[in-house]
A.B. asks: 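Here's a structure for you.
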Number of protein chains: 2
Amino acid sequence: MENKGIAEEEENKCQVFSHVWEVLGKRWSLLILKNLYEKETARFNELKRSLGKISSTVLSARLLEMEREGLISKRIFPEVPPRVEYRVTARARELGIILNELGEWAVRWKSPKMASTKVQ
Amino acid sequence: MENKGIAEEEENKCQVFSHVWEVLGKRWSLLILKNLYEKETARFNELKRSLGKISSTVLSARLLEMEREGLISKRIFPEVPPRVEYRVTARARELGIILNELGEWAVRWKSPKMASTKVQ
DNA sequence: CCGTATCCTAGCAGATACTG
DNA sequence: CAGTATCTGCTAGGATACGG
């Protein structure tokens, strides 16, 4: 492991992070993860049903993106009719802990909703 | 404080969280926060310059959204030419700690980038 | 300097239809 | 069942111009 400058490492952290963020920030991503956290393992249409009104197209896209980010793993059973099982990875489970902290932070402050603008 | 069911509280946490998330997930939001964390206080065009190629329109919108979320506070000095200073609130500083954890999580795993699909 | 008002465009969500 | 292919509408974001 080379000796990187701290600034460079900070820069790197930011880049890598915003990369994942772009996926997580998209519509449905978090809801999909939430479902998988709870269910431990789920199939495509099962997921689709429990998500309400998401389309196959979008669900498929989100799953692929998150798989590429190493958040979801996929297991194909070569049967007829086809069976595919999705689950969260260890990486995603670690993320879940932090997301939970985020959730607690969010309610702890409960959006003040008042303007904080001050005129001097 | 009433006695809420845990499920209800969980539901609430999720709602409040996704609310903030909608703001944070938008383009530029995190970068703006990052700049303010470092600078402690910044003016509009100063911010605009250091962000690269953001437009006034968008910067203005992001700042307003985050102000409404209680993440940013604004101070107007009634001078000519006008001076306005932005800074992060205590709420945002707490958030910063968690975001930092997120950053560390992101590099710790460094997107594997390989397909995790397994055929059984 | 600090923004708002307009207009324009790309990209994404969603609907529908169809395959292995 | 588990997806792709294709099309459409919408809206976030960017460029530009202007006003307090």
Side-chain angles (χ1 to χ4, degrees), chain A residues 18-33 35-36 39 41-69 72-87 115-120, chain B residues 18-33 35-36 39 41-69 72-87 115-120:
Chain A
S18 67
H19 191 247
V20 192
W21 192 263
E22 266 164 42
V23 172
L24 255 37
K26 289 194 183 180
R27 206 174 175 186
W28 297 110
S29 296
L30 281 184
L31 235 61
I32 294 170
L33 271 189
N35 261 271
L36 283 180
K39 283 205 194 353
T41 173
R43 304 177 60 173
F44 189 86
N45 280 315
E46 184 188 348
L47 217 42
K48 187 157 142 56
R49 254 173 277 118
S50 57
L51 282 170
K53 24 190 289 118
I54 191 177
S55 69
S56 310
T57 320
V58 176
L59 176 55
S60 175
R62 283 308 94 86
L63 286 171
L64 195 63
E65 289 159 8
M66 293 202 277
E67 194 193 352
R68 277 204 247 273
E69 281 308 317
I72 285 179
S73 72
K74 187 177 172 181
R75 201 176 201 171
I76 301 174
F77 298 83
E79 305 170 357
V80 178
R83 179 154 63 105
V84 178
E85 283 182 0
Y86 294 92
R87 63 180 61 210
S116 66
T117 305
K118 284 177 206 103
V119 180
Q120 223 55 17
Chain B
S18 68
H19 190 246
V20 191
W21 191 265
E22 266 163 42
V23 172
L24 254 37
K26 290 193 182 178
R27 204 176 176 184
W28 297 111
S29 296
L30 282 184
L31 235 60
I32 294 170
L33 271 188
N35 262 273
L36 284 180
K39 284 204 192 357
T41 173
R43 304 178 59 174
F44 189 85
N45 280 316
E46 183 187 350
L47 218 41
K48 186 156 142 56
R49 256 173 277 118
S50 56
L51 282 170
K53 24 190 290 121
I54 190 175
S55 67
S56 310
T57 321
V58 176
L59 177 55
S60 175
R62 282 309 96 84
L63 286 171
L64 195 63
E65 290 157 9
M66 293 202 277
E67 194 193 351
R68 277 204 248 270
E69 281 308 316
I72 285 178
S73 72
K74 187 178 172 181
R75 201 177 200 170
I76 301 173
F77 298 83
E79 308 171 355
V80 178
R83 179 156 62 106
V84 178
E85 283 182 359
Y86 294 92
R87 62 179 63 208
S116 65
T117 306
K118 282 178 207 103
V119 180
Q120 224 54 18

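By convention in this document, chain letters (A, B, ...) are assigned in the order of the sequence lines, proteins followed by strands, and residues within each chain are numbered from 1. The figures here come from the full heavy-atom set of this structure, side chains too, leaving out hydrogens, waters and symmetry mates.
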A.B. asks: Specify the separation, in whole Å, of atom CD of E22(B) and atom P of dA13(C).
C.D. replies: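 After rounding, the gap between these two atoms is 14 Å.
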A.B. asks: Is the shortest side-chain N/O distance from R62(B) to OP1 or OP2 of dA12(D) below 4.0 Å?
C.D. replies: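 So the side-chain polar atoms of R62(B) never come under 4.0 Å of the phosphate oxygens OP1 or OP2 of dA12(D).
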A.B. asks: Taking only N and O in the side chain of W28(A), is any of them less than 4.0 Å away from OP1 or OP2 of dG14(C)?
C.D. replies: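 Answer is yes, contact under 4.0 Å.
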A.B. asks: Between R62(A) and E65(A), is there a salt bridge with N-O shorter than 4.0 Å?
C.D. replies: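 Answer for the salt bridge query: yes.
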A.B. asks: In whole angstrom, what separates I32(A)'s CD1 from dA2(D)'s P?
C.D. replies: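 After rounding, the reported distance stands at 15 Å.
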A.B. asks: Please evaluate the base of dA5(C) for a donor-acceptor partner in the side chain of T57(B) within a cut-off of under 3.5 Å?
C.D. replies: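 Side chain to base: pair found, below 3.5 Å.
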A.B. asks: Could you tell me whether a side-chain N or O of T41(B) sits under 3.5 Å from a main-chain N or O of E85(B), the two making a donor and an acceptor?
C.D. replies: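 No, the answer is negative, given that no donor and acceptor are paired below the 3.5 Å cut-off.
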A.B. asks: For the pair S116(A) (side chain) and E67(B) (backbone), establish whether a donor and an acceptor sit closer than 3.5 Å, ignoring hydrogens and angles.
C.D. replies: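 Not at all, since once roles are kept as given, no pair shorter than 3.5 Å links the two residues.
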A.B. asks: Once you round it to whole Å, what is the distance between P of dG3(C) and CG of L64(B)?
C.D. replies: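 Nearest whole value for this atom pair: 10 Å.
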A.B. asks: Please report, rounded to the nearest Å, how far the P atom of dA12(D) is from the CG atom of L24(B).
C.D. replies: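 One finds 17 Å between P of dA12(D) and CG of L24(B), rounded.
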A.B. asks: Take atom CZ of R49(A) and atom P of dG3(D), then tell me their distance rounded to the nearest Å.
C.D. replies: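 After rounding, the reported distance stands at 14 Å.
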A.B. asks: So if I take every side-chain heavy atom of S56(B) and compare against dC1(D), dT4(C), dG20(D), which nucleotide ends up nearest?
C.D. replies: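 Looking only at heavy atoms from C-beta outward on S56(B), the closest nucleotide is dT4(C).
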A.B. asks: When you match S60(A) and S55(B) each to their closest nucleotide on DNA chain D, which lands nearer the 5' end?
C.D. replies: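 Result of the comparison: S60(A).
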A.B. asks: Taking side chain as C-beta onward, heavy atoms only, is I72(B) less than 4.5 Å from Y86(B)?
C.D. replies: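 I72(B) vs Y86(B): side chains touch.
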A.B. asks: Kindly say if R43(A) contacts the phosphate of dA2(D), meaning a side-chain N or O under 4.0 Å from OP1 or OP2.
C.D. replies: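 Looking at the OP1 and OP2 atoms of dA2(D), one of them is under 4.0 Å from a side-chain N or O of R43(A).
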A.B. asks: For V58(A) and P81(B), take the nucleotide of DNA chain C holding the closest heavy atom to each; which residue's nucleotide lies nearer the 5' end?
C.D. replies: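 That would be P81(B).
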A.B. asks: Quickly work out the L31(A) CG to dA13(C) C1' distance and round it to whole Å.
C.D. replies: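 From L31(A) CG to dA13(C) C1': 15 Å.
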A.B. asks: Rounding to an integer number of Å, can you tell me how far I76(B) CD1 sits from dC2(C) C1'?
C.D. replies: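 Computing the I76(B):CD1 to dC2(C):C1' distance gives 10 Å.
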A.B. asks: Answer yes or no: is there a side-chain heavy-atom contact under 4.5 Å between W28(A) and L31(A)?
C.D. replies: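 Yes, their side chains come closer than 4.5 Å.
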A.B. asks: Just N and O in the side chain of Y86(A): are any of them under 4.0 Å from OP1 or OP2 of dC1(D)?
C.D. replies: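 No.
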A.B. asks: Between dG20(D), dG14(C), dG3(D), which nucleotide has the shortest distance from any of its atoms to the side chain of R27(A)?
C.D. replies: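 Within the option list, the nearest is dG14(C).
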A.B. asks: From NZ of K48(B) over to C1' of dG3(C), roughly how many Å is that when rounded to an integer?
C.D. replies: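 Whole-Å distance recorded here is 11 Å.
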A.B. asks: Check whether any side-chain N or O of K26(B) sits under 4.0 Å from OP1 or OP2 of dT11(D), and answer yes or no.
C.D. replies: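 For dT11(D), OP1/OP2 do not have a side-chain N/O of K26(B) under 4.0 Å.
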A.B. asks: Side chain of N45(B) only, heavy atoms from C-beta on: which candidate in dA2(D), dC1(C), dG14(D) is closest?
C.D. replies: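 Closest of the options to the side chain of N45(B): dC1(C).
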